Amino acid sequence: MQNQYPNGNNLTNDPAQTGTKQQSGTKYYIFGMVTGILAAIAVTLGTVGAVRLYRAVTPLSRGNVSSGVRTDKVESITDENVGQKLAVLEDTIGKYFWKDVEEETLEDGLYRGLLDALEDPYSVYYTSEELIALQQQTEGIYYGIGAYIQDGDAGYVQISRVIKNTPAEASGLMQGDYIYKVNDEDMQGKDKSYVVSKIKGEEHTYVKMTVIRENAAEPIEIDVERRKIENPTVEYEMYDNGMAYIQITEFDLVTTGQFESVYEQAKAEGMRGLIIDLRSNPGGNLSTVCDISRMLLPEGLIVYTEDKYGKREEYTCNGENKIAVPLVVLTNGYSASASEILAGAVKDYGIGKLVGTTTFGKGIVQKVIDLSDGSAIKLTVSSYFTPNGNNIHGIGIEPDVEIAFDAELYKNGTDNQLEKAKEVLADMMR
């Protein structure tokens with residue numbers, strides 16, 4: 001099930017990619033969207049483009065003018081002939097639309113519209129270029145600039161975090177910058193995946209970014225070199241009294257090795273208790289979260305999935321590496337998907353306490369299916385359940401100790417949720 005992954009927040013969550021909503025002022029709140037391992041499931045396309053099936057167009061009647069809008073009528077389209085209607089629409093656009101439009105753009109719009117009709121925000125169409133970007137993202141290694149982006153105001157995406165020691169930092173890009181133009185192309189109204197596709201490129205090439213910065217009188221142009229970036233998804237710190245802190249920002253392929261490395265380091269440094277911070281972690285790769293869970297959980301289920309036919313698939317742990325010290329897991333309303341798999345298992349087995357606020361509530365799994373022309377579709381294919389059989393979709397997971405994040409305290413240097421986690425862990429360590 002390597003091609004399935006529970007995070008479906010979009011084509012993102014990766015440096016120079018995207019995120020989701022972010023609570024202002026905290027380094028822990030890093031966002032982004034769907035990650036996962038892609039399967040090579042070839043699906044043959046029946047045509048190169050449905051809009052090219054029929055070229056015959058019926059004559060247009062004489063137009064009328066009403067309220068300044070021209071109304072021309074196209075006749076003789078039968079309900080049974082979808083291809084004919086598509087051809088008529090294409091040619092009508094070509095004749096009347098005020099700008100020239102590439103046929104490929106219309107075709108991509110057709111495919112996107114088909115997926116949009118499912119009314120599922122996690123089921124989407126990817127062009128071949130977008131698919132390549134997604135593949136790089138799920139690996140956690142890509143050629144880009146080293147920044148996270150998220151939805152912003154006025155139709156422009158916004159830089160939500162600049163990674164240390166990357167081209168983005170060296171160039172002077174800053175958190176909060178709005179991406180106005182990429183290589184002189186206006187990015188207003190463009191979705192995150194499109195902006196990402198324009199920013200990323202071959203190693204050692206440059207991308208010109210025009211950003212709008214608060215308190216700057218004019219847009220700022222910055223040339224940024226693209227380099228190979230490994231997404232840093234894990235951070236580690238050892239506190240007093242043997243309290244270890246590990247933050248996981250997302251579950252990419254690189255995350256397993258990064259987590260294992262710092263986890264072993266913590267044990268070597270005398271870890272007596274562990275805080276795992278999953279706040280604002282939007283999810284990621286199902287196999288990655290299962291691999292990390294196997295370093296912590298007792299023997300039994302990690303998670304199981306069920307599709308619409310009732311087919312069940314189980315992911316289990318042998319319990320050989322069950323954590324031997326007290327555990328606290330930090331969560332908030334942006335902890336989603338794969339994060340909820342780990343948090344749910346910890347809570348169901350009672351091997352740790354959850355501190356923070358109720359999680360997002362995304363209990364469904366997506367699969368990416370490759371098409372033979374290099375494009376792909378991502379579809380929601382199943383629901384997932386915690387070891388105790390709970391489906392948390394639309395509900396979330398409630399913490400054992402509830403405490404809301406206090407932004408004002410954070411501005412003064414205090415992360416009140418983390419301090420509460422330390423307090424709870426200290427009681428458990430006694």
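Only heavy atoms go into these numbers, but all of them, side chains included; no hydrogens, no water, no symmetry mates. This one's a predicted model, so the numbers in the text were calculated from it and none came from an experiment.
- From T414, atom OG1 reaches atom OH of Y410 across 10.0 Å, with rounding to the nearest 0.5 Å.
- The local environment of CG in N241 is sparse, with at most 12 non-hydrogen atoms from other residues, nucleotides or ligands closer than 6.0 Å.
- A donor-acceptor contact shorter than 3.5 Å is absent between the side chain of K378 and the backbone of T380.
- Using a 3.5 Å distance cut-off with no hydrogens or angles, the side chains of E129 and Y194 do not pair a donor with an acceptor.
- One side chain, E269 or Y236, offers a donor N or O that lies under 3.5 Å from an acceptor on the other.
- Under the 3.5 Å distance criterion, the side-chain polar atoms of E169 are matched with a main-chain donor or acceptor of N165.
- P326 and R272 get closest at one heavy-atom pair: CD-O, 3.2 Å.
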Quick one: do Y263 and Q258 satisfy side-chain hydrogen bond (donor to acceptor under 3.5 Å, both in side chains)? Show the steps, please. CA-CA 9 Å; Y263 187 49; Q258 292 175 4; over 6 Å; no
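- T386 and D348 share a donor-acceptor pair across their side chains, judged by distance under 3.5 Å alone.
- When each of N281, T359, T331 is paired with S339, the side chain to side chain donor-acceptor pair (under 3.5 Å) condition holds for N281 and for no other.
- Within a 6.0 Å radius of NZ in K422, more than 12 heavy atoms belonging to other residues, nucleotides or ligands are found.
- The shortest side-chain heavy-atom distance between T316 and I302 does not fall under the 4.5 Å cut-off.
- The aromatic rings of Y156 and Y180 sit perpendicular to each other, their planes meeting at more than 60°, with 30° as the lower class boundary.
- One side chain, Y245 or D277, offers a donor N or O that lies under 3.5 Å from an acceptor on the other.
- Between the side chains of D373 and S375, at least one donor-acceptor pair of N or O atoms lies under 3.5 Å.
- Side-chain atoms of V162 and I145, non-hydrogen and from C-beta on, never get closer than 4.5 Å to each other.
- Using modelled atom types and a 3.5 Å distance limit, the side chains of T288 and D291 yield no donor-acceptor pair.
- Checked by atom type, the side-chain pair S287/N285 shows a donor-acceptor distance below 3.5 Å.
- Relative to the ring axis of Y304, R312 places its NZ or CZ within 45° and under 6.0 Å from the centre.
- For the residue pair S171 and D223, no side-chain donor N or O sits within less than 3.5 Å of a side-chain acceptor on the partner.
- A side-chain donor-acceptor contact under 3.5 Å links N231 and D252.
- With a 4.5 Å cut-off on side-chain heavy atoms, K322 and P298 count as touching.
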